[in-house]
Amino acid sequence: MKKSENSMKRPTNRRAFLTNGMVAAGAATMGASLLPGASAAFSGEEDRAPITKGDIAILTFLSALEQVEADLWIQYAELGGATNQGLSPIDLPFATGLAPDYITGLLVLDGDMPQYIADNTDDEISHHRFLNNYLESKGAKPIDLSRFSILPPSQVSGVPPKGRLTNLKQLTIDTSWWTRYRSETANPDFGGIFENAVPDLAKGQHPAIPLSDADLGVDANGNISNHLQAIANTAGFHFAFIEQGGSSLYPALAQKVTNLEVLRILLSIGGSEITHFQTWHDKAGNATNITDGNLTFPNLNAGVDPNTGATGNNIADEFQTNLIMPEPTFFLDKKLGPVSLIRPTSTQQGGAVASVVSFVEDGLFLDPSTNRNTGIVDALMRLAQEADEARRKI
């Protein structure tokens, strides 16, 4: 499992991950090539650059990762999504809000959390569906990882007992994205190292959804337990962790595509991922300062580093909850001065393989019955390698 230090400290490990036995050498390649005669663009604008095998590899990988994201967001929506969406309903094809007590905990983070969860879920489903449709329109094969849907869902009453791609019951969440966006002097693209906002989430395994009806319930005053609030808090930080990955991944891979229309797709969907991250970044800051067993959510407005106990103005700047706008930092060359931006966007730190590694370290693919990752890791790694190997051809 992921160690307590954040993964940004070990850039060389991302490639070592591919050779240390975790990826089966014989994993089937699931990329696809553009078939002869497929049209180059829908827009009618002339683009002399064809859609390359590299473009197809990138689109295929992104579609696969969006399917993974859709799977986890569906689980969040089933339990905590909005049931009354007002005059503008989101048409999710499954029951939502099955755990009202869990929703009570989520509402502490923001009164609109259930609506935002349903909205984010709808977005990720649309991303996977659109990318698959686009691949097919170009004569390439769509991606479907459903055969890896073997992980058990929550046992809360009403949740469909079908297998899932992702396990939200045993997460080890890197919350260094919190300080990464507040630093004025460090950028992961320059090898910057960042502390966790919630150190305890980065060690051990923590549920982000109620495991069963036993986790639910309220006291005589209608209050939920600290345990259930901790589950809701964990979900809040996990939402932002998942979406910050997409915020960096799309611009990193966009630098590798050749065809203008494919570039347009990556820039357009990537912008959606950024809005998700900004929303969840804001909401995570409302997590209550509670302790549940070995998990403590610190008071991030106390001016105290929850990792070291240090104090001072610089500490306050790194952890204060309402500082959610990306602080200007160095980019490309320090001689150019600081600038506010998405980080990382280098292909070394923010590419396809790096994204899969972060999901694996998060515990998303752990099978509770074996405490080992499912075969989806081999499949995603093969797709990630192909996407990272793509090169822009001009």
Side-chain angles (χ1 to χ4, degrees), residues 7-8 11-12 14-15 17-18 31-34 40-41 43 45 47-66 69 127 130-131 134-135 138 140 143 177 180-181 186-192 242-278 326 328-359 380-394:
S7 61
M8 301 310 295
T12 57
R14 300 213 182 271
R15 291 299 171 185
F17 189 92
L18 295 173
S33 298
L34 183 63
S43 63
E45 298 177 2
D47 184 4
R48 295 180 180 179
I51 296 180
T52 66
K53 283 187 64 177
D55 292 345
I56 294 297
I58 287 171
L59 292 169
T60 303
F61 170 72
L62 289 172
S63 184
L65 215 61
E66 293 289 2
E69 290 196 41
H127 291 168
F130 175 86
L131 290 170
Y134 186 83
L135 285 166
K138 302 306 177 186
I143 193 72
W177 51 265
R180 186 187 314 150
Y181 274 91
N187 184 329
D189 289 329
F190 284 102
I242 290 295
E243 298 305 315
Q244 62 88 27
S247 296
S248 291
L249 178 62
Y250 276 88
L253 292 182
Q255 299 168 63
K256 293 174 170 286
V257 304
T258 298
N259 180 266
L260 180 61
E261 188 170 73
V262 175
L263 176 62
R264 182 181 177 189
I265 290 171
L266 267 63
L267 295 178
S268 299
I269 294 180
S272 169
E273 300 288 349
I274 293 168
T275 65
H276 294 162
F277 172 57
Q278 184 78 350
T329 193
F330 295 112
F331 181 58
L332 297 182
D333 188 328
K334 291 186 177 181
K335 295 178 181 178
L336 301 174
V339 60
S340 178
L341 43 67
I342 297 299
R343 61 197 82 159
T345 56
S346 69
T347 53
Q348 179 183 7
Q349 293 285 2
V353 168
S355 295
V356 176
V357 171
S358 70
F359 276 19
L380 285 173
M381 274 297 184
R382 178 59 57 133
L383 292 172
Q385 284 181 279
E386 293 175 353
D388 276 346
E389 289 168 0
R391 294 294 181 269
R392 186 169 181 238
K393 297 181 180 179
I394 54 175

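Just so we're clear, the structure is a prediction, and the values are computed from it rather than from any experiment. Hydrogens, waters and symmetry mates play no part in the numbers below; they use all other heavy atoms, side chains included.
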| task | For D388 and G351, indicate whether the former's side chain and the latter's backbone hold a donor-acceptor pair under 3.5 Å. | result | no
| request: Applying side chain to side chain contact (heavy atoms under 4.5 Å, CB included), name anything that partners F331, two or more places apart in sequence or on another chain. | output: N187, V339, L341, T345
| Rounded distance (nearest 0.5 Å) linking atom CG of L263 with atom CD1 of I58 | 10.0 Å
| task | Could you tell me the separation between the NZ atom of K138 and the CD1 atom of I51, rounded to the nearest 0.5 Å? | result | 4.5 Å
| Backbone of T60 reached by a side-chain donor or acceptor of S63 within 3.5 Å | no
| said: Closer than 3.5 angstrom, by distance alone: can the side chain of R343 be matched with the main-chain N or O of R180 as a donor-acceptor pair? | reply: yes
| request: Could you walk me through whether L266 and L59 pass the side-chain contact (heavy atoms from CB on, under 4.5 Å) test, one step at a time? | output: CA-CA 9 Å; L266 267 63; L59 292 169; 3.9 Å; yes
| Worked verdict on I265 versus F130 for side-chain contact (heavy atoms from CB on, under 4.5 Å) | CA-CA 10 Å; I265 290 171; F130 175 86; 4.1 Å; yes
| request: Please examine the side chains of K53 and I56, heavy atoms only from C-beta on, and report whether any two atoms are closer than 4.5 Å. | output: no
| request: Indicate the atoms forming the closest heavy-atom contact of V356 with A384, along with that distance. | output: CG2-CB, 3.9 Å
| Taking the side chain as C-beta and beyond, is there a heavy-atom pair between L62 and I269 under 4.5 Å? | no
| query | Using a distance-only test with no angle check, is there a side-chain donor-acceptor pair under 3.5 angstrom linking Q244 and Y181? | reply | no
| Distance in Å, D55 CG paired with R392 CZ, rounded so as to fall on 0.5 Å steps | 10.0 Å
| query | Between P326 and S340, what is the shortest heavy-atom contact and its length? | reply | O-OG, 2.6 Å
| message | Can you confirm whether L65 sits close enough to F359 that some side-chain heavy atom of one is under 4.5 Å from a side-chain heavy atom of the other? | response | yes
| note | Correct closest heavy-atom pair for T329 and A186 would be OG1-O, 3.0 Å
| Looking at side-chain heavy atoms only, is the closest gap between V357 and M381 below 4.5 Å? | yes
| task | Calculate, to the nearest 0.5 Å, the distance between atoms CG and CD belonging to L380 and Q385 respectively. | result | 11.5 Å
| request: Drop me the distance from F61's CZ to E66's CD, to the nearest 0.5 angstrom. | output: 10.0 Å
| query | To the nearest 0.5 Å, how far apart are CG in L249 and OG in S358? | reply | 9.0 Å
| remark: In terms of heavy-atom contacts, P251 and G246 come closest through CD-O, 4.3 Å
| task | Answer yes or no: is there a donor N or O on one side and an acceptor on the other, between the side chain of S247 and the main chain of E243, under 3.5 Å? | result | yes
| task | Can you see which heavy atom on A64 is nearest to which on I143, and at what distance? | result | N-CG2, 3.5 Å
| message | Looking only at side-chain N and O atoms, does E273 offer a donor or acceptor that is under 3.5 Å from a partner on H127? | response | yes
| Taking all atoms of both residues into account, what is the closest heavy-atom pair of P50 and N259, and its distance? | O-CB, 3.6 Å
